[in-house]
Amino acid sequence: MKKNKFYITTPIYYVNDKPHIGHAYTTILADVLSRYHRAEGDEVFFLTGLDEHGQKVQQAAEARQLSPQEHCDDLAPRFLGLWEKLEIQYDDFIRTTQKRHIAVVQQALQQVYDAGDVYADEYEGWYSVAEERFITETEKDSGSFRDIKKLKERNWFFRMGKYQKKLIDHIHEHPGFIQPGQRRNEVLGFLRQPLGDLCISRPKARMGWGIDLPFDKDYVTYVWFDALLNYITGPGYLADQKSFKKWWPASVHLIGKDILTTHAVYWPTMLFALGLPLPETIFAHGWWLMGKTKISKSLGNIVNPLDLIDEYGVDSVRYYLMREMVLGQDANFTMESFIKRYNSDLANDFGNLLNRVSGLIGKNFDGFVPEHGKMTDEEDHIKEEAVRLDPKVKKSVSEMRLDGAMEDILQLIRQVNKYLEYQAPWKVAKTDLGRAGTILYTATEALRICAVHLFPVMPFKCKAVLDILDNAGKGTQWGGLKKGAKLKSHEALFPRLEVPKQ
RNA sequence: CGCGGGGUGGAGCAGCCAGGUAGCUCGUCAGGCUCAUAACCUGAAGGUCGCACGUUCAAAUCGUGUCCCCGCAACCA
């Protein structure tokens, strides 16, 4: 089903540290999905940003002897720099210290307060002096916290429990609300127990880096209540009604599995309290585990996948990340698997196919894409598969199965390699140039279609392919290749990586 | 018995919901081709689908039990 508007978000990243692979993965995934939707003609709004309040930020700033704001201002460009490097085409970059966001948080708080969903109460629990925060009973029992004491503190609470039934009903009525299904079950399991209320304040005496509660100046807002609201600040809640109405509710909140509860429980109840519709989908992906990467002398001691970008190009890293992580599962990052993917998929199959067709067309047709003659069953079969690829990829993308989409495309590329093997245009050309032309046209057109489908994942390399094919059409329909187009000479698209034998 | 997910040839996954020849990628071995980035193509070896019972003409697929791994379990991004 085609939608006209697609509003996708990443979490806003917490700036207590430098950006890492987890941030990069979620953001690339959002970018790839955005690009697929744009390619389908959808209007897209892609929001990402930074979560800059809270205790951890305050502590990180103190450790560097900076003010919290200075600390954030210093880290923000690092994220922006990485997004640039990763070719991320976001539409808006939000920082929770921006005026527009502070205004939304305070007005939202006031609204919820006025509606009677906020009350003050004494909270008593175990407090870790070293960590400067309350810890859970489980954490206390784990014994990994020293210097703990019972502490009683007055705080403001949001009546989250009030919306428990409504949330459960919503999840039941909207099977796609929390994905994958496994996570949905997890949330439903969590909601089987009574849902308590949420503490949404922190006394300034203890933690001052946050947004003032509008109804009590001695407190700042709990960081999650602040952060989640970014999703409505972005499209213009309270500031630009027209824009907000156009974009909200979000199509997809992409998140890591570690922040499922906040997004699937806190956030929806907050939206209920604000009288706003819920996002269509909250999608929790898995984690990148740093597997046992063998250290190879010739490849250097690359331990951070982000370092691969400078070495092997942003496109191959984007491809690897999209291809290697399955749906909502965890994935292992290893140098071996990266090289394997790169060589087998990108160098041997994709890049090599380009060389084959461009080389053959160069030799036999002076580099001009030949006219195709009569299509035999073999050509019809390739064409049929190329046409079928479009709905396949659309389906995989709509289900967030980027690994499946990549595999679908690679299957066609392999099939074209096979087709060439059987048709052997390098032989046919000697006796029947017309027939060879038909074969090469078919292979090249199929390759073009694959490049178009791979474009959202590998924008640089796929643009290069289309350029080599003389500004070939960007459509996924058969026939986008210009007849008589002059192919450009080129280097290997993905030079094979040599791995020394162990 | 807190809730949930998973255990499939050397590795990583699909198949399970709607039972009926166990599929894909990588790796290994043999062969072919030689247009191409020592790439590409074909074939082969390799799995009692964690284990045990049960339902059924028939189970990786449904049910029960059991072992192992993992995730979640509220104020912590």
Side-chain angles (χ1 to χ4, degrees), chain A residues 11-17 22-23 51 54-57 123 125 128 131 133-139 155 157-158 160-161 180-202 222-225 227 255-263 265-266 284 286-287 323-324 326-332 334 336-337 340-341 343-364 403-404 406-407 410-411 414 416-429 436 440 443 491-498:
Chain A
I12 47 174
Y13 304 114
Y14 205 59
V15 290
N16 60 345
D17 202 2
H23 303 127
D51 182 6
Q55 182 155 291
K56 291 259 170 72
V57 172
Y123 175 79
S128 160
E131 289 274 313
R133 67 173 176 91
F134 282 94
I135 59 174
T136 65
E137 202 66 28
T138 318
E139 282 177 325
N155 267 305
F157 289 82
F158 164 55
M160 186 160 73
Q182 178 191 340
R183 300 295 167 198
R184 178 173 178 268
N185 289 340
E186 228 171 80
V187 173
L188 283 171
F190 175 68
L191 288 170
R192 244 170 253 140
Q193 295 160 348
L195 184 64
D197 291 337
L198 181 70
C199 176
I200 57 163
S201 66
R202 291 292 181 273
Y222 168 51
V223 70
W224 269 113
F225 198 93
I255 59 168
K257 63 179 183 179
D258 48 331
I259 49 176
L260 181 63
T261 306
T262 48
H263 282 75
V265 179
Y266 296 4
W287 281 340
R323 174 63 186 82
E324 207 66 16
V326 179
L327 203 50
Q329 302 179 25
D330 289 347
N332 265 296
T334 65
E336 285 95 328
S337 68
K340 224 176 244 178
R341 277 292 166 208
N343 277 342
S344 65
D345 292 1
L346 301 179
N348 298 352
D349 290 339
F350 185 37
N352 186 43
L353 177 60
L354 174 67
N355 274 24
R356 297 182 85 180
V357 298
S358 70
L360 286 163
I361 289 174
K363 268 179 204 167
N364 297 292
D403 64 309
M406 295 305 99
E407 188 55 26
L410 261 292
Q411 286 292 356
R414 291 186 199 110
V416 176
N417 270 319
K418 191 179 296 191
Y419 163 77
L420 282 180
E421 201 65 28
Y422 282 113
Q423 300 306 316
W426 51 92
K427 276 185 189 165
V428 175
L440 288 173
E491 302 285 301
L493 199 61
F494 296 99
R496 203 179 144 77
L497 304 179
E498 293 308 326

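Per chain, numbering begins at 1; letters A, B, ... match sequence-line order. These numbers come from the heavy atoms of this one structure, side chains and all, not from hydrogens, waters or symmetry mates. Fair warning: this is a prediction, and the values are worked out from it, not measured in the lab.
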I need the [atom1]-[atom2] distance between [X] and [N], as an integer number of Å.
X: A:R183; N: B:C72; atom1: CZ; atom2: P; result: 8 Å
X: A:F190; N: B:C76; atom1: CZ; atom2: P; result: 14 Å
X: A:Q423; N: B:C35; atom1: CD; atom2: C1'; result: 14 Å
X: A:I259; N: B:G71; atom1: CD1; atom2: P; result: 17 Å
X: A:Y266; N: B:A74; atom1: OH; atom2: P; result: 9 Å
X: A:L191; N: B:A73; atom1: CG; atom2: C1'; result: 12 Å
X: A:W426; N: B:G32; atom1: CH2; atom2: P; result: 16 Å
X: A:L260; N: B:A74; atom1: CG; atom2: P; result: 13 Å

Taking the same atom, [atom1], in [N] and in [M], what whole-Å distance lies between them?
N: B:C40; M: B:C35; atom1: C1'; result: 10 Å
N: B:U66; M: B:U28; atom1: P; result: 43 Å
N: B:U48; M: B:U55; atom1: P; result: 25 Å
N: B:U8; M: B:C68; atom1: C1'; result: 16 Å
N: B:G15; M: B:A58; atom1: P; result: 26 Å
N: B:A18; M: B:C62; atom1: P; result: 9 Å
N: B:G71; M: B:C1; atom1: P; result: 25 Å

Is a donor on one side and an acceptor on the other found under 3.5 Å between the side chain of A:D51 and the backbone of A:Y13? no

Has the side chain of A:D349 got a donor or acceptor atom that lies under 3.5 Å from a matching backbone atom of A:R414? no

Would you compute the distance between atom [atom1] of [X] and atom [atom2] of [Y] and round it to the nearest 0.5 angstrom?
X: A:N155; Y: A:Y222; atom1: CG; atom2: OH; value: 11.5 Å
X: A:L360; Y: A:K363; atom1: CG; atom2: NZ; value: 7.0 Å
X: A:R341; Y: A:L497; atom1: CZ; atom2: CG; value: 14.5 Å

Indicate for each nucleotide in nucleotides 40-45 of chain B, in 5' to 3' sequence, whether protein heavy atoms under 4.0 Å reach the base (B), only the sugar-phosphate (S), or nothing (-). BSS---

When the ring planes of A:F225 and A:F158 are compared, do they come out parallel, tilted or perpendicular, using 30° and 60° as the limits?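 A:F225 and A:F158: perpendicular rings.
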
Taking the side chain as every heavy atom from C-beta outward, state whether [X] and [Y] have any atom pair closer than 4.5 Å.
X: A:D345; Y: A:F350; result: no
X: A:F190; Y: A:L195; result: yes
X: A:Y14; Y: A:V223; result: yes

Is it the case that A:N417 and A:R356 place a side-chain donor and acceptor less than 3.5 Å from each other?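 A pair is found: one side chain offers a donor N or O, the other an acceptor, under 3.5 Å apart.
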
Closest approach to the side chain of [X], judged atom by atom: which nucleotide of [options] is it?
X: A:Q411; options: B:C76, B:G71, B:U25; result: B:U25
X: A:A492; options: B:U25, B:C35, B:U37; result: B:U37
X: A:K363; options: B:A36, B:A74, B:C76; result: B:A36

Pick the nucleotide of RNA chain B nearest each of A:A347 and A:R202; which residue has the one closer to the 5' end? A:A347

Strand partner of B:C26, provided both Watson-Crick or wobble distances fall under 3.5 Å: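 The base-pairing partner of B:C26, which may sit in any strand shown, is B:G10.
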
Contact class for [X] (heavy atom, under 4.0 Å): base, sugar-phosphate, or nothing?
X: A:L188; result: nothing
X: A:L354; result: nothing
X: A:Y222; result: sugar-phosphate

Below 4.0 angstrom from OP1 or OP2 of B:U34, is there any side-chain N or O of A:K427?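 The answer is yes; a side-chain N or O of A:K427 sits under 4.0 Å from OP1 or OP2.
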
Between protein and nucleic acid, restricted to nucleotides 5-16 of chain B and to nitrogen or oxygen atoms under 3.5 Å apart, what atom pairs and distances do you find?
{"residue": "B:A14", "atom": "OP1", "partner": "A:Q329", "partner atom": "NE2", "Å": "3.3"}

